[in-house]
Amino acid sequence: MIQLTFPDGTIREYEKGISGIEVAKSISEGLARNVLSITVNGEVRDADRPIDEDAQILLNTWSDEEGKATFWHSSAHLMAEALEELYPGVKFGIGPPIDNGFYYDIDLGDRQLNPSDLDKIEKKMIDLGRKKSEFERKEVSKKEAISYFEEKGDEYKLELLQDLKDGEITFYTQGEFTDLCRGPHIPNTGMIKAVKLLSLAGAYWRGDENRKMLTRIYGISFPKQKELKEYLALLEEAKKRDHRKLGAELELFMFSDRVGAGLPIWLPKGQVIRDRLQQFLKKEQEKRGYKMVITPHIGKKDLYVTSGHYAKYGEDSFQPIQTPKENEEFLLKPMNCPHHCEIYGNKPHSYRELPIRIAEFGTVYRYEQSGELHGLSRVRGFTQDDAHIFCTKDQLKDEFLNVLDLTKVVLDKMGFEDFTAQISLRDPSTPEKYLGTKENWDAAEQAIIDATEEAGMKAKKEIGEAAFYGPKLDFMVKDAIGRSWQLGTIQVDYNLPERFELEYIGADNKAYRPVMIHRAPFGSMERFMSILIEHTAGKFPLWLSPEQYVIIPVSQVFNDYADEVSKALSSSGIIGEVDNRNETIGKRIREAEVQKIPIMLIVGESEKENRSVSVRMQGKGDIGTMTIMEFIEFFDLEKERGA
RNA sequence: GCCGGCAUAGCUCAGUUGGCCAGAGCAGCUGAUUUGUAAUCAGCGGGUCGGGGGUUCGAAUCCCUCUGCCGGCUCCA
């Protein structure tokens with residue numbers, strides 16, 4: 001007998017060798033039908049494999065992440081089976097589950113797939129699923145495995161096999177399809193009832209752009225048709241929040257082919273929001289001892305040779321601009337730090353002055369590959385809410401805390417609760433990749449870890465993700481369609497102070513090198529705006545709204561009163577317009593609703609008489625009548641509330 | 001940059017296997033209407049079918065090329 005411990009702590013006894021499905025059956029038939037895989041002592045396995053020892057056990061169903069992953073992984077295999085039947089001779093790369101669904105990378109030789117082929121593949125998958133083929137696991141020797149794929153002529157699987165140890169190789173077979181696979185898989189393909197293949201894409205084999213490009217098919221699947229429908233509806237909804245769509249509809253920003261790809265143009269309304277964000281941050285920074293500066297958009301090539309950026313990124317950047325007569329070379333500023341280092345180096349510094357915090361809304365230009373450009377999220381010209389803090393080693397942790405606090409204030413204010421933080425540390429096994437001494441690195445990494453803990457912030461640590469010049473902490477936020485973007489960043493840098501030979505005079509009258517912290521709580525105004533637009537679906541909080549109200553006089557007779565109200569509001573700092581166009585009220589209200597103007601004020605006979613306004617809130621409807629003074633108070637309260 | 005797809009009026013889209021002066025709704029303009037909480041009515045204007053080149057008697061439609069956009073890959077200071 002063996003003892004199995006369930007997540008709720010209960011322990012049950014079973015015969016040795018019992019399968020996960022049988023265990024599920026002992027609890028309920030329903031559970032047995034729904035179990036997709038099991039986790040035994042932390043290892044995810046097929047639900048029908050025998051359990052031979054006492055263990056902690058989890059029965060994974062569709063409601064568990066592990067269950068979903070198993071389901072989607074099996075779906076990838078089902079797709080592969082369908083592909084092999086439809087396109088004999090197709091070769092397979094890898095086919096893993098992802099956050100939302102699965103993909104498989106395939107090589108079809110000379111054949112090309114069109115989006116219309118996806119329907120065909122889907123249908124085949126459903127057909128094959130009806131056979132309810134079981135996934136059979138088989139342990140094979142490396143030799144057997146190699147000969148199998150040699151015969152099949154699949155060089156990708158052969159390459160994958162090279163990295164696998166003999167004795168750890170398993171095959172999974174369902175129906176006519178056999179794949180090299182660690183597993184686990186769901187009990188049978190019949191559980192996959194709903195499939196949608198979402199897109200076709202090219203993907204380099206093993207992510208290496210020097211290698212062959214395979215065809216990647218993305219898909220998603222569900223145990224029930226209804227869930228698929230709901231998911232697709234959700235995707236449609238998400239698309240409506242896309243900042244590229246809303247940005248155009250609400251006239252926040254635009255792009256122009258003639259100006260150039262990836263170069264955003266901010267329209268008046270977008271500019272208002274951006275400016276409010278900057279004013280907000282400026283105030284917070286002033287409280288924390290930052291000094292604002294302004295530096296030029298270009299700098300001599302030498303500046304970046306000194307900083308080391310030219311050597312590292314020069315070839316992949318916008319190329320230098322030459323002056324016509326002297327033949328000097330200038331680069332478009334790809335980052336602000338070299339300029340800020342020059343500011344620091346402008347005069348000698350005493351340890352008493354540190355930390356020095358230099359801030360700038362600095363616009364930088366970076367050459368991003370054309371295929372990488374994406375709305376406001378990835379552009380070629382953008383403005384960082386940049387600052388560089390020059391401090392002593394001992395001040396590092398406090399400064400880090402100071403920045404963390406600021407970042408949290410910013411994210412809180414925006415209502416971004418679902419961000420994740422990542423601490424990027426060096427890989428100790430490759431010290432040659434990093435600049436600076438071990439002692440400095442240890443101290444900096446510890447300072448970051450301590451500071452995040454002290455700030456009560458959860459952050460996952462990623463070994464080997466540090467920049468060559470120092471460890472960092474990044475804040476990631478997801479967009480409407482679930483893509484993850486880096487917003488804020490805090491980076492420790494030992495490299496630049498060295499390269500620019502920055503110094504301060506210590507208490508002992510000797511020269512020391514300061515440590516530098518790069519930080520940007522928004523990251524860039526552009527990317528931050530993209531996320532803000534998607535999170536709010538364009539319904540900005542009052543304090544950010546570029547047009548806070550619109551006054552709609554019932555008829556032209558009340559235009560004068562509308563203007564009067566407007567004046568009263570603008571003198572109270574409330575921004576908006578009068579819509580006195582010769583249109584019906586219904587029409588003007590509809591347009592204000594569509595434009596997501598938060599407050600509509602309707603004025604007519606009775607309002608004029610009582611010096612009042614009839615207030616309608618966007619998305620909520622009529623909330624009643626109040627006097628102008630009452631409305632101003634109401635507005636301030638709403639604004640305060642963060643509405 | 002690479003793979004695949006897309007590009008028709010300001011916007012959203014029609015446009016059968018290449019064939020008369022390229023269409024609709026919304027927006028715009030003009031006029032009527034003077035409106036009480038999500039689209040008043042009528043009339044009018046508007047497109048070198050993304051740019052360039054080619055095939056053809058004839059191209060929005062087929063081919064090449066450039067530009068931009070979309071979905072990915074790679075990269076990201």
Side-chain angles (χ1 to χ4, degrees), chain A residues 98 103 105 108 112-118 198-218 239 242 244-245 248-249 251 255-262 304 307-310 312-314 316-317 333-338 364-375 378 380 382 384 386 467-469 472 481 483 485-486 489 491 493 495-496 518 520 524 552-559 580-595 600-607 614-625:
Chain A
I98 50 177
Y103 67 80
D105 284 346
L108 284 159
Q112 264 187 9
L113 283 188
N114 289 314
S116 58
D117 295 319
L118 296 180
L198 298 163
S199 63
L200 277 172
Y204 298 108
W205 170 233
R206 308 205 108 177
D208 182 345
E209 71 180 299
N210 298 314
R211 306 200 61 180
K212 189 164 177 175
M213 181 160 271
L214 305 180
T215 303
R216 177 170 296 181
I217 307 176
Y218 283 93
K239 275 189 200 151
D242 191 314
R244 291 166 297 186
K245 191 171 155 61
E249 282 171 7
E251 297 183 8
F255 288 92
S256 147
D257 291 2
R258 246 186 286 211
V259 172
Y304 305 100
S307 72
H309 294 115
Y310 190 78
K312 197 165 167 65
Y313 301 106
D316 299 321
S317 297
K333 175 163 78 172
M335 49 195 342
N336 305 299
C337 27
V364 297
Y365 299 90
R366 298 179 186 177
Y367 174 76
E368 298 287 353
Q369 301 189 88
S370 59
E372 266 307 318
L373 302 173
H374 184 96
R378 178 160 285 118
R380 285 175 171 167
F382 57 99
Q384 296 179 309
D386 211 357
F468 71 94
Y469 51 79
K472 58 177 181 169
I481 344 180
R483 283 178 288 226
W485 297 96
Q486 179 201 309
T489 180
Q491 309 183 0
D493 189 343
N495 179 42
L496 282 183
H518 309 249
S524 77
I552 302 173
V554 167
S555 83
Q556 313 258 304
V557 180
F558 307 107
N559 284 353
N580 57 17
R581 287 174 306 160
N582 182 11
E583 297 285 354
T584 59
I585 299 208
K587 170 104 168 213
R588 283 175 289 162
I589 285 178
R590 182 185 150 75
E591 284 189 12
E593 288 277 351
V594 170
Q595 281 293 307
M600 287 149 265
L601 301 172
I602 288 88
V603 295
E605 186 69 50
S606 68
E607 285 79 9
S614 171
V615 183
R616 181 191 166 99
M617 303 282 282
Q618 201 271 342
K620 295 196 189 87
D622 190 357
I623 62 162
T625 304

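Scope of the values below: all heavy atoms of this structure, side chains included, with no hydrogens, waters or symmetry mates. Just so it is clear: chains get the letters A, B, ... in the order the sequence lines come, proteins before strands, and each one is counted from 1.
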Output one line per pair: protein atom, nucleotide atom from nucleotides 40-46 of chain B, and distance, for all N/O pairs under 3.5 Å.
residue : atom : partner  : partner atom : Å
B:rU40  : OP2  : A:Thr584 : OG1          : 2.6

For atom [atom1], what is the distance between [N] and [M], given to the nearest Å?
N      : M      : atom1 : value
B:rA9  : B:rC75 : P     : 38 Å
B:rG58 : B:rG23 : P     : 23 Å
B:rG19 : B:rA60 : C1'   : 13 Å
B:rU30 : B:rU8  : C1'   : 27 Å
B:rC2  : B:rG53 : P     : 24 Å
B:rG36 : B:rG72 : P     : 48 Å
B:rC44 : B:rC70 : P     : 38 Å
B:rG43 : B:rU56 : C1'   : 42 Å

Rounded to whole Å, please give me the gap between [atom1] in [X] and [atom2] in [N].
X        : N      : atom1 : atom2 : value
A:Glu593 : B:rA38 : CD    : P     : 8 Å
A:Gln491 : B:rA77 : CD    : C1'   : 8 Å
A:Phe468 : B:rC75 : CZ    : P     : 17 Å
A:His309 : B:rA77 : NE2   : P     : 9 Å
A:Asp105 : B:rC73 : CG    : C1'   : 9 Å
A:Arg366 : B:rC76 : CZ    : P     : 12 Å
A:Asp316 : B:rC76 : CG    : P     : 9 Å
A:Asn210 : B:rG1  : CG    : C1'   : 12 Å

(message) Within this structure, what is the CZ-CZ distance for the pair A:Arg211 and A:Arg206, rounded to the nearest 0.5 Å?
(response) 7.0 Å
Taking atom types as they are modelled, would you say the side chain of [X] forms a donor-acceptor pair with the base of [N] within the 3.5 Å cutoff?
X        : N      : value
A:Glu607 : B:rG36 : yes
A:Arg616 : B:rA38 : yes
A:Ser307 : B:rA77 : no

Mind checking whether [X] and [Y] have side chains closer than 4.5 Å, heavy atoms only?
X        : Y        : answer
A:Arg616 : A:Glu593 : yes
A:Arg366 : A:Val364 : yes
A:Tyr313 : A:Pro334 : no

Counting any heavy atom closer than 4.0 Å, what does [X] reach on the DNA or RNA strands: base, sugar-phosphate only, or nothing?
X        : answer
A:Ser317 : base
A:Gly604 : base
A:Glu251 : nothing
A:Gln486 : nothing

(request) Anything below 3.5 Å on both distances counts as a pair; with that, list the stems of at least three consecutive Watson-Crick or G-U pairs involving RNA chain B. (result) B:1-7 with B:67-73, B:10-13 with B:23-26, B:28-32 with B:40-44, B:50-54 with B:62-66
(message) Using the salt bridge (charged side-chain N to carboxylate O under 4.0 Å, His left out) criterion, which residues pair with A:Arg581? Sequence neighbours excluded.
(response) A:Asp579, A:Glu591
Set of ring-ring contact (aromatic ring centres under 6.0 Å, His included) partners for [X], sequence neighbours left out:
X        : result
A:Tyr469 : A:His518
A:Phe468 : none
A:Tyr103 : A:Tyr218
A:His374 : A:Trp485

(request) Could you encode protein contacts along nucleotides 64-72 of chain B as a string, one character per nucleotide from 5' to 3', using B for base contact, S for sugar-phosphate-only contact and - for no contact, with a heavy-atom cut-off of under 4.0 Å? (result) ----SSSBB
Please enumerate all residues that pass side chain to side chain contact (heavy atoms under 4.5 Å, CB included) together with [X], with sequence neighbours excluded.
X        : result
A:Ile623 : A:Val615, A:Met617, A:Met626, A:Phe634
A:Lys245 : A:Asp242, A:Glu249
A:Ser614 : A:Ile602, A:Glu607, A:Asp622, A:Thr625
A:Asn580 : A:Pro553, A:Asn559, A:Val578

(message) Would the distance check show the side chain of A:Arg380 and the main-chain N or O of A:Glu368 forming a donor-acceptor pair, the cut-off being under 3.5 Å?
(response) yes
(request) Tell me which nucleotide among B:rA77, B:rA39, B:rU35 gets nearest to the side chain of A:Val554. (result) B:rU35
(request) Just compare B:rA39, B:rU35, B:rU37 and give me whichever is closest to any side-chain atom of A:Gln556. (result) B:rU35
(message) By nearest heavy atom, map A:Glu209 and A:Tyr313 onto RNA chain B; which one lands nearer the 5' end?
(response) A:Glu209
(message) I want to confirm an ordering. Mapping A:Val615 and A:Val557 to their closest nucleotides on RNA chain B, which one lands closer to the 5' end?
(response) A:Val557
